[in-house]
Structure formats: structure tokens, C-alpha cells
Amino acid sequence: MQKKGANISLKGYDDIFSTDQSRAEAQQERVQEIPLSELHPFEGHPFRVVDDEDMMKTVESVRDFGVLTPAIVRPDPDGGYEIISGHRRHRASELAGKETMPVIVRDLDDDAAIILMVDANLQRETILPSERAYAYKMKLDAMRHQAGRPSEKNYSQVGNNFGKTSSEEMAEELGTSKNQIFRYIRLTELIPEILDMVDNGQIKFNPAVELSYLAREEQQDFLSAMDYAQAAPSLSQAQRIKKLAQEGECTLDAMCEIMNEVKKGELDRVTFKTDSLRKYFPKSYTSKQMEDKIIQLLEQWQKKREKSMER
């Protein structure tokens with residue numbers, strides 16, 4: 001017999017007649033069509049969204065078939081939704097004239113959102129060094145926060161119950177080394193002008209890592225030295241410039257002297273400008289045809305020389 005005054009909890013009709021399966025399905029994520037105007041980029045998103053040839057192919061696909069893979073977003077306290085994965089699909093939908101986009105809404109804190117955003121975008125076929133550098137930095141910081149790191153700069157504190165550091169755990173996930181992760185993160189210390197040169201291939205990765213140890217003012221002077229020499233730094237040159245900086249002797253004159261050196265590879269190579277050779281060949285010849293003809297003539301000359309030496 002029910003006691004008098006007992007607190008009786010009455011369930012609603014749906015609760016009484018719903019099954020465990022239907023309740024589980026209600027908890028599952030579902031795809032929603034959200035207006036493009038309510039979706040905005042992830043703050044600090046390091047991956048560029050460029051209207052290039054690949055984007056135009058994506059636009060054409062979206063126009064013909066729609067967005068086949070839903071984006072992942074999270075609610076923004078200030079209104080709308082923040083895109084975690086799907087920035088290129090969002091831009092393609094805009095260019096294709098769409099008004100909405102299929103998305104999956106997830107409630108994620110900042111660290112979990114950053115890790116998901118980085119992991120999703122690292123699957124891209126082409127990633128610039130600067131994108132990888134800032135993505136690695138963001139993810140490692142987020143992993144450190146999740147593990148309760150005491151120091152903002154300390155990436156090597158124990159990060160989980162297995163005694164691994166966050167950088168070791170991240171290296172395993174990415175299939176690379178902890179050292180390589182830190183080398184990429186060093187690129188975030190470069191001034192934008194030098195980092196752009198790394199992205200477009202003017203400065204190689206290894207020399208760029210060495211240059212990242214220069215102060216910003218020294219990096220600005222290095223640009224002048226590079227312009228003076230009209231040459232990109234070799235690894236050896238970048239290492240010597242870094243050493244000058246560590247010794248407090250990294251002046252513009254010193255960098256110009258290093259950058260103006262003739263590299264060993266240049267001593268072993270003879271270069272002809274196409275314009276200087278053009279007058280010796282028919283106008284219809286391409287650069288490749290001229291090169292092949294020169295090699296052929298040199299081989300003939302070498303054979304004649306060898307025969308004359310045998311006589």
C-alpha cells in the first residue's frame with residue numbers, strides 16, 4: 001500500500017510506451033539542414049580555403065549532387081554554429097548558390113573541438129607547411145589542456161595514465177616523430193613574409209626551422225640579406241646565421257656576407273640562359289629541344305676527342 005504523502009513520479013505517455021531502442025535512437029546524432037548564414041568558421045582555423053581549381057570541382061559536385069558528407073559543427077553561445085569540419089564544403093555551397101548545408105551538431109568544449117578540427121583537416125591531400133605548423137601547435141596545446149598541463153610552454157609533461165607525453169601520443173597518432181612535430185611548430189615563430197616563402201617553396205623546410213630561432217628584427221634583416229644576395233639560404237647558411245644570433249652577433253652585414261657566398265652546387269653547375277642560346281637554334285625549338293641538342297653535340301664532341309687521343 002502506497003504511503004500517504006509519498007512523492008509519486010508520473011511518466012509521460014511517450015516514456016511509458018517507448019522502447020530502449022527508440023530512446024537510444026533519439027540520443028543519436030542526426031543530420032540537419034542548417035542555413036549557410038548561420039554557419040561561421042572555427043576561430044583560429046589554420047587551414048586555408050582557396051577558390052582554386054580543386055574548389056571549382058567541389059562546387060560543381062555540390063551543384064550537381066549536393067553535399068554528400070555532412071559537416072560537423074557546434075552551437076555558438078553568441079548565435080549560430082561554429083564549423084569544426086567542413087569549411088571547404090561550406091564555401092563550395094556558397095559558390096554553388098545553395099542556401100542550406102547538411103550538418104551534424106555536437107556539443108564539444110574548445111579542446112575537443114580543436115582536436116577534431118585538426119584531425120579532420122589533416123586528411124587533406126595537400127597541406128602547406130604553415131597550415132601543418134599551426135595545426136600541430138593547436139592540437140598539442142589542446143591535448144596538454146585536456147591532460148591538465150601546469151605549464152603553458154611545457155609540451156613534455158606526462159599526459160595520461162600510461163606515462164606518455166602528449167607529444168609522444170600525438171606522434172603515434174600522426175605516424176611521425178615527436179621531434180618532427182616540434183620542428184613544424186617552430187615555423188610558427190617565423191614572420192609572415194618568411195613563412196610565405198616556405199609555403200611557396202622559396203625557402204626549404206630545414207633552413208626555415210633554423211631561421212625560426214632568430215628574433216623578429218633579425219628575421220626582417222635576413223630578408224634584406226636574402227634580397228641582397230638574390231639567393232635562398234642553404235641549411236649550412238641558415239645554421240651559421242642561427243649561431244650568430246645565439247652569440248649576439250647577427251648583424252645585417254654578417255648575414256649579407258654569409259648569403260653572398262657561392263654555394264658548392266653552383267660551383268659544380270654551368271647554367272645558360274635560354275635567350276643567349278636561342279640565336280643558335282631554329283625559332284620553333286623549345287627549351288627541352290635545345291637542351292637535348294646541346295647534349296647530343298657534346299656527346300659527339302666527346303667521341304671525336306676520345307678518337308683523336310687514341311691516335
Side-chain angles (χ1 to χ4, degrees), residues 44-50 52 54 114 117-144 153 155-156 165-246 250 254-269:
H45 187 261
F47 299 94
R48 302 179 189 179
V49 177
V50 184
D52 55 11
D54 287 339
I114 286 173
M117 180 270 295
V118 170
D119 288 346
N121 283 278
L122 284 178
Q123 305 305 315
R124 293 184 180 185
E125 291 183 8
T126 303
I127 303 176
L128 295 173
S130 64
E131 295 175 328
R132 193 178 297 275
Y134 279 100
Y136 281 2
K137 186 177 188 301
M138 290 179 72
K139 178 172 181 175
L140 196 53
D141 282 342
M143 292 176 69
R144 175 175 53 81
K153 293 290 185 180
Y155 295 109
S156 298
T165 65
S166 289
S167 54
E168 288 171 341
E169 186 178 348
M170 181 173 164
E172 288 183 6
E173 290 178 9
L174 299 175
T176 186
S177 68
K178 180 173 69 172
N179 183 55
Q180 189 70 348
I181 289 174
F182 288 135
R183 284 166 61 76
Y184 266 105
I185 291 176
R186 282 301 317 175
L187 297 185
T188 64
E189 301 295 331
L190 292 171
I191 60 176
E193 295 90 337
I194 295 180
L195 192 53
D196 285 342
M197 290 182 177
V198 180
D199 280 343
N200 62 37
Q202 286 180 266
I203 298 178
K204 300 299 182 183
F205 175 77
N206 288 330
V209 172
E210 303 298 320
L211 295 174
S212 70
Y213 289 91
L214 274 60
R216 298 185 70 85
E217 297 78 8
E218 292 169 335
Q219 291 185 41
Q220 290 289 352
D221 284 343
F222 168 78
L223 287 175
S224 300
M226 187 173 168
D227 182 61
Y228 168 77
Q230 288 294 293
S234 66
L235 177 58
S236 173
Q237 288 173 321
Q239 287 172 335
R240 282 181 285 154
I241 290 173
K242 172 188 172 182
K243 185 177 180 181
L244 287 176
Q246 292 172 334
C250 189
M255 285 191 284
C256 284
E257 184 176 346
I258 291 175
M259 288 301 299
N260 204 38
E261 295 172 349
V262 178
K263 299 181 178 68
K264 181 180 178 181
E266 294 173 352
L267 292 173
D268 298 333
R269 184 175 67 247

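Not measured: the values here are computed from a predicted model.
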Using every non-hydrogen atom in the two residues, find where [X] and [Y] come nearest and quote the distance to one decimal.
X: L195; Y: L187; value: CD1-O, 3.9 Å
X: S177; Y: A171; value: C-CB, 3.8 Å
X: L122; Y: I127; value: O-CD1, 3.6 Å
X: R186; Y: S212; value: NH2-O, 2.8 Å
X: R48; Y: R124; value: O-NH1, 3.1 Å
X: L190; Y: A208; value: CD2-O, 3.8 Å

Side chain to side chain, [X] and [Y], heavy atoms closer than 4.5 Å:
X: K139; Y: M143; result: yes
X: S167; Y: I181; result: no
X: I241; Y: P233; result: no

Quiz item: Do D227 and Q230 get their side chains close enough for a donor-acceptor pair, meaning under 3.5 Å?
Solution: yes
Look up atom [atom1] in [X] and atom [atom2] in [Y], then write down how far apart they are to the nearest 0.5 Å.
X: I194; Y: F222; atom1: CD1; atom2: CZ; value: 6.0 Å
X: Y136; Y: I185; atom1: OH; atom2: CD1; value: 9.0 Å
X: M226; Y: I258; atom1: CE; atom2: CD1; value: 14.5 Å
X: L140; Y: I114; atom1: CG; atom2: CD1; value: 11.5 Å
X: K178; Y: S166; atom1: NZ; atom2: OG; value: 10.5 Å
X: T176; Y: M170; atom1: OG1; atom2: CE; value: 9.0 Å

With sequence neighbours left out, the residues meeting ring-ring contact (aromatic ring centres under 6.0 Å, His included) with Y228 are none
**Check: E131 side chain, F47 main-chain N or O, donor-acceptor pair, under 3.5 Å** = no
For this session: Take Q220 and L223 through the side-chain contact (heavy atoms from CB on, under 4.5 Å) test and state the conclusion after the steps.
Result: CA-CA 5 Å; Q220 290 289 352; L223 287 175; 4.0 Å; yes
Applied to residues 201-226, the salt bridge (Lys or Arg N to Asp or Glu O under 4.0 Å) test, sequence neighbours excluded, yields E210-K242
Salt bridge (Lys or Arg N to Asp or Glu O under 4.0 Å) pairs touching residues 228-240, sequence neighbours excluded, are R240-E261
**Message:** Could you check whether atom CD of Q180 has more than 12 heavy atoms from other residues, nucleotides or ligands sitting under 6.0 Å from it?
**Reply:** yes
side-chain hydrogen bond (donor to acceptor under 3.5 Å, both in side chains) assessment of S236 paired with S234: CA-CA 5 Å; S236 173; S234 66; 4.9 Å; no
Residues at least two apart in sequence or cross-chain that pass side chain to side chain donor-acceptor pair (under 3.5 Å) with E125, listed by chain then number, are none
Hits for side chain to side chain contact (heavy atoms under 4.5 Å, CB included) against A225, two or more places apart or cross-chain, chain-then-number order -> L252, M255, C256, M259
Residues 190-216 vs ring-ring contact (aromatic ring centres under 6.0 Å, His included), sequence neighbours excluded, gives Y184-F205
